[in-house]
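Structure first, then comments.
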Amino acid sequence: MIKDEITKLVEEAAARAQRAGDLPEMALPPTVIERPQRPEHGDYATSLPLQLARAARAKPLDLGATLARHMPESPAIERVEVAPPGFVNFHLSQSWLASQVDVILEAGPSFAEVAIGGGEKVQVEFVSANPTGPLHAGNGRWAAMGSTLARILRAAGYDVETEYYFNDAGTQIDVFGRTLYARYQQLFGRDVPVPEDGYSGAYMIDLAEQAREKFGETMLRPEGEAPPDQLGRYGMEQVMDWIRRDLADMGVEYDNWYREQTVYDAGYFDKVMELLREKGLVTEREGAVWFATSKLEADKDEVLIRSSGLPTYLATDVGYHYDKFFVRGFDRVIDIWGADHQGHVKPLLLATEAMGIEEGRLTIIIGQLVTLRRGEERLKISKRSGDIITLREVIEEVGKDACLFFFLSRSADATIDFDLDLAKEQSSENPVYYVQYAHARIAGIIRTAKERLPDAEGGDISLLTHESELSLIRKMLHLPELVDVMARTLEPHHLPHYAQELATAFHDFYEKCRVVDEEHLDQSRARLKLVAAAQSVLATTLGLMGMDAPDRM
RNA sequence: GCCCCCGUAGCUCAGUAGGAUAGAGCAUCGGUUUCCUAAACCGAGGGUCGCAGGUUCGAAUCCUGCCGGGGGUACCA
């Protein structure tokens, strides 16, 4: 990346200045290269002189001049300027910019790649909603974020596995089984109510009907007896299929589907209880088993095994993370959770640290929730209430690509306010089409060129000197930098914004620069290369978001 | 009460280890097509970055307090 090269230039300039005695011997702060907002400030800039001024007992502008004087030559840099109050600005050379078109074309999708991961094994776990009902609209946010983050990390050189954790054991599943059995019995005329804490959604009736088709009345037990396990398991398998299908329809693929039951079957649950006991972090009182987090950095203990004998969500989750780190050996694990699970973050982090996992190897991203509305009408999203908007409905209503784009475009820290009416109304004004249209337009240009231009190959990129051409190239060069930033900060929401900027740069070029022009064959060939490069970068960007890059619209 | 997140244009939101004159989309108003897709482009208006202090050469960004919204909160996940 050119940004890294400029960083080296600045560091070399500082070192040369010190050797020459123009800059005092002193520890230098890390060199920060930023992108100025205004074009006249160049393509890249550093405020190093401002930072050094005090310690060096010199004026920032003088320091800037010193750095500029010692700056090594680079074919990429046309000009180095010092600007008040103390910036050093770098202007890229036109010929170097043009040369990047060939670099991009040669690299193809790998143009977005940066080598910061070093092959580290990273797991990204996301969605992991209970298989007690269909995914709701809010779950789509984690699907979009998680799958995109995984692709970003792969592009950044990490060895990534994605995973969905099915809670197929525990209390919620028991409630699910009892609800389904109640609905099932109702189909046979029994007057039994849905459990008070049960799932009132209509999908439970659908499931009961499916079960009746499959099992007939063989799942009926004498009145008042407990529901048969087989019925509940059957219902849950159906729901898991729904979930897998909904995610697939959103273009979200997983490497692994993990079942909570594994934590017990493989003995991880017992293992972590033993580990925590050895550390003296397990106490018993009031008939329950506790994780003594108050001995660590928390103000209260957490229950691991309820007085009923059933383990809590936390306990199995600790066992699950034992598997992630000790059995499967991930270097890093990233979990994406909704803000409604925020209270679980601290206990789980404390538990993994107690097990000897170094700080920083487990990252839990808390994403703020999605609020749904139709115009002014606020919609409930809770699964219990039954009155949910499913992810499937949203995908069918606004389309998978718009869904991905919209869910991705907000920072995890911001709540998403999803107006279904607006999403539908705006379907033609939606930014997602704006971006995809840029890609389709390019495909159209290339089709036209094939029909009208003899021998469109071998363009001379040095002919690319128009301001709009150079702006487009500049914008393309952002992508690897952005992948670098997103992989470090785990913030994929920059991608949709970048996609829009890239599309804007292309549309602007399209208006100002005619590509297919029989009168100017050389220019046409050069611009065809540029356009092909833009198409490649657009497709790569869309691909990182899991979106399609259509050739026609 | 305590803990976490947010508060930036009429609306929805960006602002990438504190940097130069705070940005985008939508909405509003005005303009652009004998020409590769007008699902596009160009222009205009619109801001006390919730409020008040503090740190700094420099704060939307960091710290403290307050106000407002969302989430969590001691054997549900």
Side-chain angles (χ1 to χ4, degrees), chain A residues 30 32 34-38 40-41 45-47 50-51 53-54 60 83-87 89 128-130 132 167 170-173 175 197 286-290 298-308 310 312-314 317 338-346 366-369 371 383-384 406 409-419 422 426-434 436-438 440-449 451-453 481-482 484-486 488-489 491 493-494 496-497 500-501 503-504 506-508 510-512 514-517 524 527 531 552-553:
Chain A
V32 177
E34 58 197 68
R35 285 180 166 276
Q37 290 189 7
R38 309 181 69 79
E40 60 266 34
H41 293 145
T46 180
S47 60
L50 285 166
Q51 294 166 47
R54 174 174 292 188
F87 292 94
N89 297 334
S128 300
N130 284 350
T132 53
N167 291 80
T171 338
Q172 293 308 308
I173 300 314
V175 173
D197 56 348
E286 298 155 29
V289 178
W290 299 74
D299 42 12
K300 62 182 171 68
D301 291 348
E302 301 287 336
V303 173
L304 291 169
I305 302 176
R306 287 177 274 247
S307 49
S308 66
L310 289 173
T312 59
Y313 168 87
L314 172 65
D317 219 15
D340 51 340
H341 289 65
Q342 172 249 115
H344 295 291
V345 173
K346 190 81 180 173
I366 289 298
Q368 298 304 307
L369 301 179
T371 54
K383 209 179 285 183
R384 290 283 186 82
F406 190 72
S409 59
R410 273 77 170 125
S411 130
D413 284 340
T415 51
I416 285 185
D417 191 39
F418 199 149
D419 185 342
L422 200 64
Q426 274 186 205
S427 56
S428 64
E429 287 297 328
N430 200 308
V432 65
Y433 298 106
Y434 178 82
Q436 289 180 321
Y437 177 56
R441 251 187 169 178
I442 293 172
I445 292 171
I446 292 171
R447 279 194 299 270
T448 305
E451 288 164 18
R452 297 193 201 161
L453 291 188
E481 288 173 25
L482 203 60
D484 180 276
V485 165
M486 291 186 297
R488 291 178 202 279
T489 59
E491 289 178 345
H493 71 274
H494 298 292
H497 294 100
Q500 264 184 100
E501 288 173 15
T504 298
F506 168 73
H507 286 309
D508 172 69
Y510 178 90
E511 294 294 327
K512 292 177 179 149
R514 174 94 198 163
V515 177
V516 180
D517 183 353
S524 287
R527 286 181 172 168
V531 146
R552 291 176 198 275
M553 283 176 71

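Each chain gets a letter, A, B and so on, in the order the sequences are listed, and its residues count up from 1. Values in this document were obtained by computation on a predicted structure and should not be read as measured data.
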Inset, instruction - Look at all strands and tell whether A/Glu501 reaches a base, only sugar-phosphate, or nothing, counting heavy atoms closer than 4.0 Å. - result: nothing

Inset, instruction - Please tell me which of the listed nucleotides, B/rA22, B/rU21, B/rA14, lies nearest to the side chain of A/Glu40? - result: B/rU21

Legend entry - Closest nucleotide among B/rU12, B/rA40, B/rA74 to the A/His507 side chain: B/rA40

Inset, instruction - Using the test salt bridge (charged side-chain N to carboxylate O under 4.0 Å, His left out), find all partners of A/Arg447 that sit at least two apart in sequence or belong to another chain. - result: none

Inset, instruction - Identify whether any heavy atom of A/Asn89 sits under 4.0 Å from a base atom; if not, whether one sits that close to sugar-phosphate; answer base, sugar-phosphate or nothing. - result: base

Inset, instruction - Quick one: label A/Tyr434 by what it contacts on the DNA or RNA (base, sugar-phosphate, nothing), any heavy atom closer than 4.0 Å. - result: sugar-phosphate

Legend entry - Any residue meeting ring pair (Phe, Tyr, Trp, His ring centres under 6.0 Å) with A/His507, in chain and number order, not counting sequence neighbours: A/Tyr434, A/Tyr437

Inset, instruction - Give one of base, sugar-phosphate or nothing for A/Thr312, where a contact means two heavy atoms less than 4.0 Å apart. - result: sugar-phosphate

Inset, instruction - Give A/Asp517 one of three labels, base, sugar-phosphate or nothing, depending on what nucleic acid heavy atoms sit under 4.0 Å from its own. - result: nothing

Inset, instruction - Have a look at A/Arg452 and say if it touches a base, only the backbone sugar-phosphate, or nothing, with a 4.0 Å heavy-atom cut-off. - result: sugar-phosphate

Inset, instruction - For B/rU64 versus B/rC6, give the span between their P atoms, rounded off to a whole number of Å. - result: 14 Å

With the criterion being N/O to N/O and under 3.5 Å, what pairs connect the protein with nucleotides 42-46 of chain B, and how long is each?
none

Inset, instruction - Describe the nucleic acid contact of A/His493 in one word from base, sugar-phosphate, nothing, applying a heavy-atom distance below 4.0 Å. - result: sugar-phosphate

Inset, instruction - Using the P atom on both, measure B/rC5 against B/rA44 and round to a whole Å. - result: 39 Å

Inset, instruction - Decide yes or no, distance alone: a donor-acceptor N/O pair under 3.5 angstrom between the base of B/rC76 and the side-chain of A/Thr171. - result: no

Inset, instruction - Answer yes or no: does a side-chain N or O of A/Arg38 lie under 4.0 Å from OP1 or OP2 of B/rG19? - result: no

Inset, instruction - Assign A/Ala53 to base, sugar-phosphate, or nothing according to its heavy-atom contacts below 4.0 angstrom with the strands shown. - result: nothing

Legend entry - Length of the line joining A/Arg552:CZ and B/rC36:C1', which is rounded to integer Å: 13 Å

Inset, instruction - Dot-bracket for RNA chain B, please, read 5' to 3', with Watson-Crick or G-U wobble pairs under 3.5 Å on both distances, ( ) within the strand, [ ] crossing, | other strand, . unpaired. - result: (((((((..((((.....[...)))).(((((.......))))).....(((((..]....))))))))))))....

Inset, instruction - Would you check if there is a donor-acceptor pair between the side chains of A/Arg306 and A/Thr171 at a distance under 3.5 Å? - result: yes

Legend entry - Length of the NE2-P vector between A/His344 and B/rA74, whole Å: 10 Å

Legend entry - Under 4.0 angstrom between A/Arg441 side-chain N/O and B/rA38 OP1 or OP2: yes

Legend entry - Polar contact flag, side-chain donor to acceptor under 3.5 angstrom, A/Gln51-A/Ser47: yes

Inset, instruction - Provide the distance between the two C1' atoms, one in B/rA24 and one in B/rA14, to the nearest whole Å. - result: 7 Å

Legend entry - Pairwise P distance for B/rG23 and B/rU48, with rounding to whole Å: 16 Å

Inset, instruction - Would you mind reading off the distance between A/Glu34 atom CD and B/rU61 atom P, rounded to a whole angstrom? - result: 17 Å

Legend entry - A/Leu369 vs A/Asp340 side-chain heavy atoms within contact, under 4.5 Å: yes

Legend entry - RNA chain B: 5'-proximal contact among A/Val516 and A/Ser47 (nearest heavy atom): A/Ser47

Legend entry - B/rG71 to B/rU8 separation - C1' atoms, rounded to the nearest Å: 22 Å

Inset, instruction - Using the P atom as the reference point in each nucleotide, state the distance between B/rG53 and B/rU61 in Å, no decimals. - result: 14 Å

Inset, instruction - Mind checking A/Gln436 for me? I need base, sugar-phosphate or nothing, with any heavy atom below 4.0 Å counting as a touch. - result: nothing

Inset, instruction - Report yes or no: is the ring centroid of A/Phe87 under 5.5 Å from the six-membered base ring centroid of B/rG19, with the two planes under 30 degrees? - result: no

Inset, instruction - Have a look at B/rA74 and give me syn or anti from its glycosidic angle (syn if within 90° of zero). - result: anti

Inset, instruction - Compare all side-chain heavy atoms of A/His341 with those of A/Val345 and state whether any distance is below 4.5 angstrom. - result: no

Legend entry - Among B/rA20, B/rA39, B/rU73, the one nearest A/Lys300 by side-chain distance: B/rU73

Inset, instruction - Compare all side-chain heavy atoms of A/His493 with those of A/Ser411 and state whether any distance is below 4.5 angstrom. - result: yes

Legend entry - Nucleotide B/rC36, atom C1' - distance to OH of A/Tyr510 in whole Å: 5 Å

Kindly give the atom pairs (protein nitrogen or oxygen, nucleotide nitrogen or oxygen) under 3.5 Å for nucleotides 2-9 of chain B.
unit_1, atom_1, unit_2, atom_2, d
B/rC5, O2', A/Asp413, O, 2.5

Inset, instruction - Take the protein atom CD of A/Glu302 and the nucleotide atom P of B/rA77, then report the distance between them rounded to whole Å. - result: 11 Å

Legend entry - Interatomic distance at P, B/rG45 relative to B/rG25, whole Å: 15 Å

Legend entry - Any A/Asp517 side-chain heavy atom under 4.5 Å of A/Arg527 side chain: no

Inset, instruction - Can you see which heavy atom on A/Pro36 is nearest to which on A/Ala45, and at what distance? - result: CG-CB, 3.7 Å

Inset, instruction - Identify the two heavy atoms, one from A/Thr132 and one from A/Gln172, that lie closest to each other, and give their separation to 0.1 Å. - result: CG2-O, 3.9 Å

Inset, instruction - Please examine the side chains of A/Val531 and A/Tyr510, heavy atoms only from C-beta on, and report whether any two atoms are closer than 4.5 Å. - result: no

Inset, instruction - Please examine the side chains of A/Glu302 and A/Trp290, heavy atoms only from C-beta on, and report whether any two atoms are closer than 4.5 Å. - result: no

Inset, instruction - Figure out the CG/C1' separation between A/Asp340 and B/rU73, and round it to whole Å. - result: 13 Å

Legend entry - Pairwise 5' ranking along RNA chain B for A/Asp417 and A/Gly287, keeping only the more 5' one: A/Asp417

Legend entry - C1'-based separation of B/rG19 from B/rC29 [nearest Å]: 36 Å

Legend entry - A/Ile416 side chain reached by A/Gln368 side chain, heavy atoms, under 4.5 Å: no

Inset, instruction - Calculate the interatomic distance between A/His497 atom NE2 and B/rA24 atom P; express it in whole Å. - result: 12 Å

Inset, instruction - Look at all strands and tell whether A/Arg488 reaches a base, only sugar-phosphate, or nothing, counting heavy atoms closer than 4.0 Å. - result: nothing

Inset, instruction - For A/Gln51, report the nucleic acid contact type (base, sugar-phosphate, nothing); a contact means any heavy atom under 4.0 Å. - result: base

Inset, instruction - Using a 4.5 Å cut-off on heavy atoms from C-beta on, say whether the side chain of A/Val516 contacts that of A/Leu453. - result: yes

Inset, instruction - Determine the contact category for A/His41: base if any of its heavy atoms lies under 4.0 Å from a base atom, sugar-phosphate if only primed atoms, P, OP1 or OP2 are that close, otherwise nothing. - result: base

Inset, instruction - Indicate, with a heavy-atom threshold strictly under 4.0 Å, whether A/Ser411 touches base, sugar-phosphate, or nothing. - result: sugar-phosphate

Legend entry - Nearest-neighbour nucleotide for the A/Gln500 side chain, B/rA20, B/rG25, B/rC13 considered: B/rG25

Inset, instruction - Please report, rounded to the nearest Å, how far the C1' atom of B/rA17 is from the CD atom of A/Glu491. - result: 12 Å

Inset, instruction - Kindly give the heavy-atom pair with the smallest separation between A/Ile366 and A/Asp413, and that separation in Å. - result: O-OD1, 4.3 Å

Legend entry - For A/Phe87, all residues meeting ring pair (Phe, Tyr, Trp, His ring centres under 6.0 Å), sequence neighbours excluded: none

